[in-house]
Amino acid sequence: MSENIAMMEEQFNRRIAEGETIEPNDWMPDKYRSQLKRLISQHAHSEIIGMLPEGNWITRAPSLRRKLALLAKVQDEAGHGHYLYSSAETLGISREEMFGQLHTGKAKYSSIFNYPTLAWADMGMIGWLVDGAAIINQTTMAKCSYGPYSRALLRICKEENFHKKQGMEIIATLIASGEQGKAMVQESFNRFWWPTLMMFGPHDANSPNSPDMMKWKIKLKGNDELRQRFIDMTVEQAQAWGLTVPDPKLRFNEQTRSWETGEIDWNEFNAVISGNGPCNHERLNVRRTAHDQGAWVREAARAYEAKHRRSSETAE
Amino acid sequence: MTPLSEYLLSLADDRLILGHRLSEWCGHAPILEEDIALSNIALDCIGQATFLYEIAAEAEGNVRTPDRMVYFREAIEYRNLLLVEQPNGDFARTIVRQFLYDAFGISLYDRLQTSSYAPLAAVAQKAHKELRYHFRHSSQWMLRLGDGTDESIQRTQHALNELWQYTDEMFIGGFPAEEVIGSGAAIDPRTLRTGWRNSVDTILSRTALTLPEKDIRMQSGGRNGRHTEHLGHLLTEMQSVARSYPEITW
C-alpha cells in the first residue's frame, strides 16, 4: 500500500516537473491538497475581508464617477472571493467550513487589510500599492500546478490590473489638483508603504513551508525576490509623481541596479499576522456579525426551497 | 429650475438615494451572492441616476454639474420619495423597500420609454431593462422570506407594516407640474397605482404575508423637500469628503 502511494507520488511529481496541471479528480498527495486548501481559502478570505477597508468609503466617495468605480471594484472583490471559494471547494472543503475557519481566527488572510482606511486618498493607494503587490504575487501564482486555481488567477489578474490603473488614476488626479490633494496622497503613502512591503511575507530564510511548495509549483518565487520586484517598480513611480518614500535608508545600489530599503518592522508584521494588528478584531467582528445576522435569511431560503421541492415532487 | 428639470431631478434623486442605501450593504450581506447582487443593483441605480442628473443639468441650461447637484444640495432641496431614504434595517426591510419601489419603478420606466422628451426616453429604455432584473430579484426574495420560516415571515411582515405608510406618495397628484405631464414628457403618477397594486398583490398572494390595515396614515412630502430625518444623515455622510475639500477635483 505505502509502496503504491510512493509510486503515485513519484508519478505526480513527474507530471508537475513536466509542466502538467493537476485537476480536481487527479490523485494528489494529502499535503499538496491541504496546502492548496490553505492557500486558496486564504486568498478567498483576503478578497472578502479586503472588501471592508474600501467598502468603508463607498458611501463617501466624492463624485458620482468615483462612487460607481469604487462600488464596482469592491463588487469585483466579492466576485473574486466567490470563484476562489468555488475553486477551493474542488479540493473537498465547503464554503461554510472555510467561513468557520475565518470566523474563529484559524484561517489567515492578507495582513494589509488589518490597517484602517482614514482618507479618500487611501482608495488610490490601495489600488496602486496593494493591488500592485497582489498582481506581482498572483501573476506568478497563475503559473501554479493546480488547474482551477491557476485559471481563477488568470481572470483575477485581469481585473486587478484594471483596479491598479484605477488607483493610479485617483492618485494622479489628486496630485494634479494642487497642494491639498498632493498632501493627502503623501500622508496616505506614508501609512501604506511599509504594510504593503509586508504583504510579501517574511524573508525566505524564515519561510518554512517553501521547499515542498516550490517542488509542487504552488509557490514559484521567493518572497524576497517578489518584494524586490515590487520595490523597484514602485519607487520609480513614486518619484515620477514627486512623492517621498517614507524610508530614510532607501538607496539605489548601482551594482545590482536595484533599490535597497531599510529593514521592515517584523515585530509589527508578527503582531498583525497573529491577530493583533490595528483592525484585526474589527474586521473579523464585522464578518462574524454579517454572517450571524444573515443566518435567518439563509434558513428562510433553505426552508422555501425544501417546501417547493416537496410540492413539485407531490405534483409529479 | 424648470418644471421639467425638477421632474428629472426627482427621478434622479430616487435612483441615487436608493442606490446609496443598497451600497451600504456591500461587505455585510447575509450571503456572498447577495453582496454581489445588491452591489450590482446599487450600481444600476447610481448609474441611472448619473444619466438622469446629466439630462436634468442640460434641461436647466447647464448652470451646475451633476456632481454639484448631488454633493452641494441640502436635504430640503432633494426631491426623492420618502420610501427610498428609509434605513436598510434588517435584510427583510431592505427587500420590502426594494420590492415596493421596483413594482412602481418597473411600470414607471416602462411608460417613460415613450416620453416625448427624447433624452428621458433614451435613459428609460436602459433603466427599464435593469429594473426588470431588480424586480425579479426583490420578488424572488419576497417569496422566500414571506414563505420561508416563522422568523422570516414575522420580520418581513413587520417591515411591510412599517414601510407601507410611504407607498401612497408614489401615486399622488400635484407633482410633477401639469404642463410636464401634458407635454407627454412625464407620467402622471396617479395612473400607475392600479398596476402597482396588482403586482404587489400577485406576489404577496403566494406568501404568508398580508397587507397592513387600511387606516394606516400615509406620509408624503419628499417631492417638496419635506423628508424624514434619515435623509439628512445619509447626505451628511455622502457629501462629507466633497464638501471638506471644495477646491479638489476628484
Side-chain angles (χ1 to χ4, degrees), chain A residues 44 48-68 70-72 74-79 81-82 85 95 99 119-120 170 173-174 176-181 184 286-287 289-308, chain B residues 16 19-40 42-43 46-47 49-50 53-54 65-67 69-71 90-92 95 140-141 143-153 155-156 234 237-245 247-250:
Chain A
I48 298 307
I49 298 280
M51 292 169 72
L52 301 175
E54 289 175 284
N56 184 34
W57 285 85
I58 290 170
T59 54
R60 289 177 289 173
S63 74
L64 285 165
R65 182 169 153 262
R66 293 296 181 205
K67 198 181 189 68
L68 284 166
L70 182 60
L71 181 53
V74 181
Q75 189 201 24
D76 281 349
E77 287 157 10
H82 192 259
Y85 283 124
R95 203 202 290 183
F99 277 159
W120 168 252
I170 290 176
T173 311
L174 281 171
S177 78
E179 278 311 305
Q180 226 182 4
M184 197 194 279
V286 166
R287 286 308 312 162
T289 305
H291 193 74
D292 293 350
Q293 292 186 346
W296 70 267
V297 178
R298 298 189 296 275
E299 274 162 35
R302 275 194 296 269
Y304 177 88
E305 295 307 328
K307 267 186 225 179
H308 289 265
Chain B
L16 175 72
H20 182 97
R21 280 295 187 216
L22 289 173
S23 80
E24 293 171 358
W25 274 104
C26 189
H28 307 273
I31 46 170
L32 187 49
E33 282 77 0
E34 279 307 297
D35 274 308
I36 297 173
L38 294 174
S39 302
N40 213 56
L43 278 169
I46 301 169
T50 304
Y53 285 121
E54 279 165 12
T65 62
D67 279 334
M69 290 173 164
V70 170
Y71 290 96
D90 62 6
F91 188 70
I95 289 299
Q140 286 298 321
W141 271 115
L143 296 177
R144 276 154 186 76
L145 301 182
D147 184 22
T149 60
D150 289 346
E151 181 178 7
S152 73
I153 292 164
R155 284 175 180 266
T156 311
L234 181 155
E237 184 175 342
M238 186 172 80
Q239 298 171 335
S240 60
V241 178
R243 289 192 181 201
S244 297
Y245 302 94
E247 306 302 320
I248 291 184
T249 46
W250 306 103

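Throughout, a chain's letter reflects where its sequence line sits, starting with A, and its residues are numbered from 1.
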Practice item. Could you verify whether a donor N or O on one side chain and an acceptor N or O on the other, from B/Asn40 and A/Gln75, lie under 3.5 Å apart? Key: yes

**Study point:** Pair B/Asp147, A/His308: side-chain N/O donor-acceptor within cut-off below 3.5 Å
**Key:**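 Yes, side-chain donor-acceptor contact under 3.5 Å.
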
Where on [X] is there a heavy atom nearer than 4.5 Å to chain B: the side chain, the backbone, both, or neither?
X        : value
A/Arg302 : neither
A/Leu52  : side chain
A/Ile48  : side chain
A/Gln293 : neither

Check your understanding: Can you name the salt bridge (Lys or Arg N to Asp or Glu O under 4.0 Å) partners of A/Arg298, sequence neighbours left out?
Key ->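 For A/Arg298 there are no salt bridge (Lys or Arg N to Asp or Glu O under 4.0 Å) partners, ignoring immediate neighbours.
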
Exercise for review: With sequence neighbours excluded, tell me which residues meet salt bridge (Lys or Arg N to Asp or Glu O under 4.0 Å) with B/Glu237.
Suggested key: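 If we apply the salt bridge (Lys or Arg N to Asp or Glu O under 4.0 Å) test to B/Glu237, skipping adjacent residues, there are no hits.
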
Gap separating the [atom1] atom of [X] from the [atom2] atom of [Y], nearest 0.5 angstrom:
X       : Y       : atom1 : atom2 : answer
B/Asp67 : A/Leu64 : CG    : CG    : 4.5 Å
B/Cys26 : A/Ile58 : SG    : CD1   : 4.0 Å
A/Glu77 : B/Ile36 : CD    : CD1   : 11.5 Å
B/His20 : A/Thr59 : NE2   : OG1   : 5.0 Å
B/Leu32 : A/Met51 : CG    : CE    : 7.0 Å

Would you say [X] and [Y] make side-chain contact, with heavy atoms under 4.5 Å?
X        : Y        : value
A/Val286 : B/His28  : yes
B/Asp90  : A/Val297 : no
A/Trp296 : B/Leu145 : yes
A/Leu174 : B/Trp250 : yes
A/Met184 : B/Ile248 : yes
A/Val74  : B/Ser39  : no

Check your understanding: What residue, out of A/Asp292, A/Leu71, A/Ile49, A/Ile170, has the most heavy-atom pairs lying under 4.5 Å from chain B?
Key -> A/Leu71

Practice item. Under 4.5 Å, counting heavy-atom pairs only, tell me which of A/His291, A/His82, A/Glu305, A/Arg287 racks up the most with chain B. Key: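 Of A/His291, A/His82, A/Glu305, A/Arg287, A/His82 has the most heavy-atom pairs under 4.5 Å with chain B.
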
Taking every non-hydrogen pair under 4.5 Å, which of [options] racks up the most with chain A?
options                             : value
B/Gly27, B/Ala29, B/Ser240, B/Ala42 : B/Gly27
B/Glu34, B/Met238, B/Glu247         : B/Met238
B/Asp35, B/Ile31, B/Val70, B/Leu143 : B/Leu143
B/Ile46, B/Ile153, B/Leu16          : B/Ile46

Under a 4.5 Å heavy-atom cut-off, does chain A meet the side chain of [X], its backbone, both or neither?
X        : answer
B/Arg243 : neither
B/Phe91  : both
B/Trp141 : side chain

Practice item. I would like to know whether A/Arg60 and B/Gln239 meet side chain to side chain contact (heavy atoms under 4.5 Å, CB included); could you show each step before the answer? Key: CA-CA 7 Å; A/Arg60 289 177 289 173; B/Gln239 298 171 335; over 6 Å; no

Practice item. List the atom of A/Gly294, the atom of B/Pro30, and the distance in Å for their closest heavy-atom pair. Key: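 Closest pair (atom of A/Gly294, atom of B/Pro30, distance): CA-CB, 3.5 Å.
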
